[in-house]
*Asks:* 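Structure in structure tokens, see below.
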Amino acid sequence: MEQNKQGKLIIISGPSGAGKGTICAELMKQMPDLIMSRSATTRAPRPNERKNRSYFFVSTETFLEMVRNNELLEYDQHFENYYGTPKKFVLDMLKFGKDVILEIEVNGALQVKQNYPDSILFFIEAPSEQAIYERLKKRGTESEEKIQIRMARNKLELAQRHKYDYCIMNDDVDRAVAEIIDILKTRR
Ligand code: 5GP
């Protein structure tokens, strides 16, 4: 009997404001077989985020309980909050042969790569710092102070991009998505 092929972990990371969310949404549209992982976070929901649709919004106590119970594939603390990937769902999907996308920051991405060396890591870059700033400003979800904190962290993330399998320049979403899809097809 043919053995079901194990799925792959696909990591999309890069600076806050580089357009990762748009790229993931477009990937899901064009490759409907992909499964998107949903993270747990202690951050408060933004007005446009429906509770438990974008993230599992949990208390710090619940999050730390998940850490203690080894329920997370990876996690990180940044922007004064915890963010992590619930493990069971992702591993079940991989077992079913599904490829799973994680949209996570650099520390989490590198933890995953260490534990699952077969993962495919994409670092999404924006054409300039100004482009990132304008995107964050336009999104309107963060105060100027919080935008500045995100911009500062972006520099740290950028310094780690050589650890990724692929860097994708998001100067044009359609082109960036097409590039990712081409790579995924060759890695199948
Ligand atoms: P935001 O607050 O804008 O939704 O997310 C802030 C950062 O957290 C983004 O860079 C996002 O990719 C990252 N992030 C979201 N979920 C996770 C997760 O489960 N693990 C890690 N390590 N980072 C995450």
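For ligands, and for the atoms within them, numbers begin at 1 and follow the listed sequence. Numbers here simply count residues along the sequence, with the first being 1. Only heavy atoms go into these numbers, but all of them, side chains included; no hydrogens, no water, no symmetry mates.
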*Asks:* Counting only N and O atoms by type, is there a donor-acceptor contact under 3.5 Å from the side chain of Asp99 to the main-chain atoms of Leu34?
*Replies:* no

*Asks:* For a quick check: using heavy atoms under 4.0 Å, what are the residues in contact with ligand 1, sorted by chain and number?
*Replies:* Lys20, Ser39, Arg43, Arg46, Tyr55, Glu74, Asp76, His78, Phe79, Tyr83, Gly84, Thr85, Glu103, Ile104, Glu105, Gly108, Arg139, Arg150

*Asks:* What residue pairs, at least two apart or across chains, pass salt bridge (Lys or Arg N to Asp or Glu O under 4.0 Å) with a residue in residues 6-20?
*Replies:* Lys8-Asp118, Lys20-Glu103

*Asks:* Go through Tyr166 and Arg187 one step at a time and tell me if the side chain to side chain donor-acceptor pair (under 3.5 Å) criterion holds.
*Replies:* CA-CA 12 Å; Tyr166 304 96; Arg187 295 284 300 251; 3.1 Å; yes

*Asks:* Could you label the plane-to-plane angle of the Phe63 and Tyr75 rings as parallel, tilted or perpendicular, counting under 30° as parallel and over 60° as perpendicular?
*Replies:* perpendicular

*Asks:* Are any of the side-chain nitrogens in Arg175 or Glu179 under 4.0 Å away from the carboxylate oxygens of its partner?
*Replies:* yes

*Asks:* One thing to verify: whether Arg161 and Glu157 come together as a salt bridge, which I'm taking to mean a side-chain N less than 4.0 angstrom from a carboxylate O.
*Replies:* no

